[in-house]
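Working notes, structure below.
Worth knowing before you read on, the calculation uses all heavy atoms, side chains too, and leaves out hydrogens, waters and symmetry mates. Computed from a predicted structure; not experimentally measured. Counting starts at 1 for both ligands and their atoms, in listed order.
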Amino acid sequence: MNASMPSGATAGPDGPRPAGEAALYQRLREHLAYLRLPDAAAALPTVLHDARSQQLSALATVERLLAVEVDATEARRLASRTHFACLPAGYTLADFDYTAQPGVDEALIRDLASLRFLDEAANILFIGPPGVGKTMLAIGLARAAIEAGHRVYFTTAEDLAARCTKAAREGRWSHMLRFYAGPRLLVIDEFGYRRLDADANAALFQVISQRYLKGSVIITSHAGIATWADRFADPMMAAAVLDRLLHRGIVAAIEGPSYRMRAHQARAEQLRRAVRP
Ligand code: ADP
Ligand code: MG
């Protein structure tokens, strides 16, 4: 402590502080701790220093202090939503190259990126052969939703069916259903890779049914909608699922070239040129 300080005074961020103010400062720190505002508490010395050196008004100072906590809270929530969503890759919609994929309607994707479909609990079906960017677009929209503050969960049809079947066996079926009903957006990737058995059928049907008109689903599938009935063990159930998905459904059929093949071809071309210049 500064030896020349008057008695009763303590050191503040800008040197000695009168006793009354020191007590006030201490109480403010206690308030911030009690309210669990750790980031505002950590920023307090800096904000008070800035308030003096920049002659900020009381209003501006309080705003600056709380803005620190709001920013930190928002960052924590974003990280937690991102962690919860289990996205399998870090793509954003900005990474999608429209010139490489003429089969994708850029205007439609931009419209979807406004996330209006979430307000309408509308569904999106990306249908097309492997490698055309279905999963990438689903992830891009999922990320946009997470960034806009929505809860999102990404899964594959196979994983969803397996988890529901296991939950049913262990008597946790209703718990599992509640889990899949929770997120504002549920992405079900790779529907129809495998013919579904009766249990998987029931799981998918229940999940889609209970989200119907309440929460959006994005489904990707390499199988054309006309063939879906064959992929369900029960064609009636297939019809019921499709009915719910398509009632407020946006179907984006991607007929363009495979981006994966494009990359393979470019590499093969490079190799050929290296071998035979
Ligand atoms: P699908 O789900 O239709 O099989 P993916 O979305 O998994 O295809 O895309 C295959 C690979 O090609 C991924 O690595 C993806 O990032 C990339 N890709 C596909 N389309 C594009 C595109 N238009 N622009 C950039 N990368 C793309
Ligand atoms: Mg895919």
Side-chain angles (χ1 to χ4, degrees), residues 82 84-115 117-118 122-148 150 152-164 180 183 185-196 200 203-204 207-208 211 216-228 230-232 238 241-242 245-246 249-271:
T82 305
F84 176 82
C86 295
L87 299 187
Y91 307 131
T92 70
L93 284 176
D95 300 325
F96 195 80
D97 178 359
Y98 292 94
T99 56
Q101 187 47 277
V104 168
D105 180 353
E106 184 173 350
L108 171 67
I109 302 301
R110 287 196 192 288
D111 188 51
L112 295 177
S114 75
L115 302 176
F117 73 96
L118 292 180
N123 307 312
I124 306 172
L125 287 79
F126 288 117
I127 313 283
V132 295
K134 302 182 298 295
T135 300
M136 187 177 182
L137 287 171
I139 292 173
L141 288 171
R143 188 167 299 281
I146 292 168
E147 277 164 11
H150 302 295
V152 173
Y153 188 71
F154 186 105
T155 183
T156 61
E158 187 140 3
D159 194 53
L160 183 148
R163 283 181 66 183
C164 284
Y180 286 113
L185 171 63
L186 177 68
V187 180
I188 306 175
D189 198 25
E190 298 186 348
F191 171 77
Y193 267 87
R194 196 169 60 90
R195 197 165 186 279
L196 297 171
L204 208 67
V207 168
I208 301 287
R211 291 187 63 86
S216 298
V217 178
I218 297 182
I219 286 202
T220 81
S221 178
H222 73 281
I225 286 173
T227 72
W228 280 28
D230 298 336
R231 290 168 203 275
F232 276 82
V241 166
L242 257 184
L245 281 176
L246 293 178
I250 301 144
V251 180
I254 309 173
E255 294 300 343
S258 162
Y259 197 89
R260 269 198 208 101
M261 289 310 286
R262 206 178 100 103
H264 289 323
Q265 273 157 8
R267 262 197 304 279
E269 187 57 35
Q270 238 172 17
L271 265 174

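Note: no N/O pair closer than 3.5 Å links Ala100 and ligand 1 by distance alone.
The shortest side-chain heavy-atom distance between Ile146 and Phe84 does not fall under the 4.5 Å cut-off.
The distance from the Mg ion (ligand 2) to the nearest N/O/S atom of Met136 is not under 2.8 Å.
Distance CG/Leu93 to CD1/Ile109: 7.5 Å, rounded to 0.5 Å.
Taking atom 13 (C) of ligand 1 as the reference point, the nearest protein heavy-atom neighbour is Tyr91 OH, 3.4 Å. Ranking the protein heavy atoms by distance from atom 11 (C) of ligand 1 puts Arg260 CG, 3.9 Å first. At the top of the distance list for atom 6 (O) of ligand 1, counting protein heavy atoms only, stands Met136 N, 2.8 Å. The nearest heavy-atom contact from the protein to atom 12 (O) of ligand 1 is Tyr259 CD2, 3.3 Å. Atom 8 (O) of ligand 1 has its closest protein heavy atom at Gly133 N, 3.1 Å.
Atoms of ligand 1 lying under 4.0 Å from at least one heavy atom of Pro130, given by number and element, are 4 (O). Near Gln101, meaning under 4.0 Å from one of its heavy atoms, ligand 1 places the atoms 23 (N). Near Asp97, meaning under 4.0 Å from one of its heavy atoms, ligand 1 places the atoms 22 (C), 23 (N), 24 (N), 25 (C). Taking every heavy atom of Phe96 and a limit of under 4.0 angstrom, the matching atoms of ligand 1 come to 20 (N), 21 (C), 22 (C), 23 (N), 24 (N).
Of the charged side-chain nitrogens involved, at least one lies within less than 4.0 Å of a carboxylate oxygen, so that Glu106 and Arg110 count as a salt-bridged pair.
At a 4.0 Å heavy-atom cut-off, ligand 1 does not touch Tyr98 at all. The part of Asp95 lying near ligand 1 is the backbone, judged by heavy-atom distances below 4.0 Å.
Side chain of Ser221 to backbone of Glu190: no donor-acceptor contact under 3.5 angstrom is found. Between the side chain of Lys134 and the backbone N or O of Pro129, at least one donor-acceptor pair lies under 3.5 Å. Panel note: side chain Ser216, backbone Ala122; a donor-acceptor pair is recorded below 3.5 Å.
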Take Tyr193 and His222 through the test side-chain contact (heavy atoms from CB on, under 4.5 Å) and record every step on the way to the result.
-> CA-CA 8 Å; Tyr193 267 87; His222 73 281; 3.5 Å; yes

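Minimum heavy-atom separation, Ala100 to Pro257: O-CG, 4.0 Å.
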